[in-house]
Amino acid sequence: MVFFNELGGNWRFYGFCRECLSGRGSVPAIKATPETWIKMVNTIQKGSLSTRLQIPMIYGIDAVHGHTNVYKATIFPHNVGLGLTIKLLSYVVLSVLLLKWNGAFRDPQLIKKIGDATALKVRATGIFYVFAPCIADPRWGRCYESYSEDHKIVRLMTEIIAGLQGDIPGNSKKGVPFVSGNWNGKKMHANRDLVTGFLKNKLKFRINSPPHANYSYSVEAGVGAGIDMIMVSNFTEFIDVLTYQVKHNIIPMSRIDDAVKRILRVKFVMGLFENPMADYSLVNQLGSQEHRELAREAVRKTLVLLKNGESADKPLLPLPKKATKILVSGTHADNLGYQCGGWTITWQGLGGNDLTSGTTTLQAIKNNVDPTTRVVYSENPDSDFVKSNKFSFAIVVVGEPLYGEIFGDSLNLTLSEPGPRTIYNVCGAVKCIVVVISGRPVVMQPYFSSVNALVVAWLPGTEGQGVADVLLGDYGFTGKLARTWFKTVDQLPMNVGDPHYHPPFPFGFGLTTKPTE
């Protein structure tokens, strides 16, 4: 995908087109090694350098919650969970930069570490840049890519960009792209001219609706408004339309030259002209134990406890590690793919346990309980089975199906079957804890009276051990909702601060527990 076109009889390079992207799960091979990724990137780069102007391309990839297209890479929790990570304070913090609830605040430094780990893994496969998070309504399929419904939390969580790019030094020249090591860019979430002036006021977040209804106008408006690099799948159509508009003076050549200049400046600052080829020095960083421990810590901090026993003086959690026999059930208990969600290995995600390396919730529970405790797994047991086995308690792990972007758009926001049936069969026969694996709040009101404890785990990624760490008392629950948990979809849209705000679990809600040890 190296794009050139002939304008006015001369070859001119389109600075906003010479880009390659592993979009929507495209990979060099199934279960490709880091070496295979580097070989692919270098092959494309050699093709770019073989042209007359020898201008290197920029390679990009979606790394939404870790370097998620790559086999055996650590998959972090999706942003919907990371937005509620906190640190506890023993004193009052008064600062306009910290959002305080019950003596707690968001943990942007954890997010920065995740950004740093992601950057290292992406560079380990020879890739230069990644794509950032978004803001989303629960009914949209990209909800899990956003940190919160509250812009103050989103602003705090943009520390992930400093992790990805490196800290900008105080003496950095204004207007010059910043590069730390081999990274470039500007904190786009803080760019009011772009977010408010351009996207909201100019584009209304969409140039025309439905998409592609007036493609020629979209190209004219987008390029004319100042977009330098265009990401499209049908690049030949884009080049044809743009070429026509330049030749007929609809888009001036000065706009093309400006875009080329800006892209070339970034490439020079990045050092791509001096060092265009990827190297193999970081390949052993993929899936490192250090990164898995970081992801496990993040999982622990993303869990939210919505219910804990029938009353505050009779909590069910934390669970005892030593019990006669416990039941683990549910479609999401032993499914690494469901646990990771969309944007994992492929665009829509993959079910099962063969997609990458990690620990399911079931395996994590088995790892954490006392050796004398018998763990029985049954994905969807009937009530007779549950009653006849005399379990000490049950852990039911259910959730949403896999999805990404528009394929996750929903006006129902319900658990996927047989999740509801499993809840009723199990929780009607034994004390139960329901763990919800989802990319957004879902309707739980029908089951609330049936369950003894309710935990939201969001999409925790590969390190399911973090879930068991908290369920079984090695760590306490600390998470506070960064999204309003509604009763029914009829209440939507509903955000904190709205005049009619009556959710069952409001923004900032979350019960806490203490470690048993």
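We number each residue from 1, following the sequence as shown.
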- request: Would you kindly say whether Asn367 and Gln465 are connected by a side-chain donor-acceptor distance under 3.5 Å?
  value: yes

Between Asp150 and Ser148: side-chain donor-acceptor atoms closer than 3.5 Å: no

message: Donor-acceptor pair, distance only, cut-off 3.5 Å: does the side chain of Asn234 make one with the backbone of Glu237?
response: yes

- request: Check whether the side chains of Asp62 and Asn69 place a donor and an acceptor atom closer than 3.5 Å, and report yes or no.
  value: no

- prompt: So Asp258 and Arg262, salt bridge (charged side-chain N to carboxylate O under 4.0 Å, His left out) or not? Walk me through it.
  reply: CA-CA 6 Å; Asp258 174 63; Arg262 293 174 181 275; 3.1 Å; yes

- prompt: Would you say the side chains of Asn335 and Asn353 form a donor-acceptor pair under 3.5 Å?
  reply: no

task: Kindly determine whether Asn42 and Ile44 satisfy side chain to side chain contact (heavy atoms under 4.5 Å, CB included), including the steps that lead there.
output: CA-CA 5 Å; Asn42 282 345; Ile44 298 172; over 6 Å; no

query: So, Thr359 side chain and Glu463 main chain: donor-acceptor pair closer than 3.5 Å or not?
result: no

- prompt: Can you tell me how far the OG1 atom of Thr302 sits from the CG atom of Leu459, to the nearest 0.5 Å?
  reply: 9.5 Å

message: With heavy-atom distances below 4.5 Å as the criterion, would you say the side chains of Trp37 and Val27 are in contact?
response: yes

task: Measure the OG1-CE distance between Thr51 and Met57 for me, rounded to the nearest 0.5 Å.
output: 12.0 Å

Salt-bridge contact Lys31-Asp354 (side-chain N to carboxylate O under 4.0 Å): yes

task: Please check if atom CD in Glu290 has more than 12 non-hydrogen atoms from other residues, nucleotides or ligands closer than 6.0 Å.
output: no

task: Return yes if some donor-acceptor pair links the side-chain N/O of Ser438 with the main-chain N/O of Glu400 below 3.5 Å, else return no.
output: no

message: Distance check, rounded to the nearest 0.5 Å: Ile437 atom CD1 versus Leu415 atom CG?
response: 11.0 Å

field: Asp279 versus Leu282, closest heavy-atom pair with distance
entry: OD1-N, 4.4 Å

message: Regarding Tyr59 and Ser22, do their side chains bring together a donor and an acceptor under 3.5 Å, going by distance alone?
response: yes

query: Do Thr361 and His332 have side-chain atoms, one donor and one acceptor, less than 3.5 Å apart?
result: no

- prompt: Are the side chain of Ser48 and the backbone of Ile55 linked by a donor-acceptor contact shorter than 3.5 Å?
  reply: yes

- request: Before giving the answer on ring-ring contact (aromatic ring centres under 6.0 Å, His included), spell out for His65 and Phe76 the whole-Å C-alpha distance, their side-chain angles and the decisive distance to 0.1 Å.
  value: CA-CA 5 Å; His65 57 137; Phe76 293 97; 8.5 Å; no

field: Set of ring-ring contact (aromatic ring centres under 6.0 Å, His included) partners for Tyr144, sequence neighbours left out
entry: His78, Tyr403

query: Going by atom types only, do Thr360 and Asp334 share a side-chain donor-acceptor pair under 3.5 Å?
result: yes

- request: Please report the closest heavy-atom contact between Ala457 and Pro460, naming both atoms and the distance.
  value: O-CD, 3.6 Å

- request: Mark yes or no for whether Arg440, through its side chain, and Trp140, through its backbone, hold a donor-acceptor pair below 3.5 Å.
  value: yes

field: Trace of the side chain to side chain contact (heavy atoms under 4.5 Å, CB included) decision for Leu471 with Val435
entry: CA-CA 10 Å; Leu471 289 179; Val435 179; 4.2 Å; yes

- request: Could you please spell out the steps behind the side chain to side chain contact (heavy atoms under 4.5 Å, CB included) verdict for Ile153 and Met157?
  value: CA-CA 6 Å; Ile153 291 180; Met157 295 298 106; 4.0 Å; yes

message: Rounded to the nearest 0.5 Å, what separates atom CH2 in Trp458 from atom CD in Gln339?
response: 16.0 Å

query: Where do Val80 and Cys143 come nearest, in terms of heavy atoms and distance?
result: CB-O, 4.3 Å

query: Do you see a donor-acceptor pair shorter than 3.5 Å between the side chains of Ser410 and Asn412?
result: no

- prompt: Going by atom types only, do Ser378 and Asn380 share a side-chain donor-acceptor pair under 3.5 Å?
  reply: no

Side chain to side chain, Val434 and Val455, heavy atoms closer than 4.5 Å: no

field: Nearest heavy atoms of Arg292 and Thr462, plus distance in Å
entry: NH1-OG1, 3.7 Å

message: Could you check whether Glu297 pairs with Arg300 (Lys NZ or Arg NE/NH1/NH2 to Asp/Glu carboxylate O, under 4.0 Å)?
response: no

field: Which atom of Leu21 lies closest to which atom of Ser26, heavy atoms considered
entry: O-OG, 4.2 Å

- line: Minimal heavy-atom distance between Pro401 and Ser416, with the atoms involved, is CD-CB, 3.7 Å

- prompt: What do the steps show when you test Tyr215 against Val219 for side chain to side chain contact (heavy atoms under 4.5 Å, CB included), and what is the final call?
  reply: CA-CA 6 Å; Tyr215 190 70; Val219 173; 3.8 Å; yes

Spatial distance of atom CD (Glu405) from atom CZ (Phe407) [nearest 0.5 Å]: 9.0 Å

query: Are Val467 and Val299 side-chain neighbours, meaning at least one heavy-atom pair lies under 4.5 Å?
result: yes

Among Val369, Thr516, Asp370, the one residue meeting side chain to side chain contact (heavy atoms under 4.5 Å, CB included) with Leu472: Val369

task: Assess the side chains of Gln348 and Trp343: does a donor N or O sit below 3.5 Å from an acceptor N or O?
output: no

query: Are Met444 and Trp485 side-chain neighbours, meaning at least one heavy-atom pair lies under 4.5 Å?
result: yes

query: Taking the side chain as C-beta and beyond, is there a heavy-atom pair between Tyr147 and Leu84 under 4.5 Å?
result: no

message: Just verifying a value: how many Å separate Gln363 CD and Leu336 CG, rounded to the nearest 0.5 Å?
response: 11.0 Å

field: N/O donor-acceptor pair under 3.5 Å between Asp409 side chain and Gly141 backbone
entry: yes

Show me the donor-acceptor pairs within less than 3.5 Å that the side chains of residues 114-122 make with the rest of the protein, sequence neighbours left out.
{"from": "Thr118", "atom 1": "OG1", "to": "Ile114", "atom 2": "O", "distance (Å)": "2.8"}
{"from": "Lys121", "atom 1": "NZ", "to": "Thr74", "atom 2": "O", "distance (Å)": "2.8"}

- prompt: Under the 3.5 angstrom rule, does the side chain of Lys267 hit a backbone N or O of Pro56 as a donor-acceptor pair?
  reply: yes

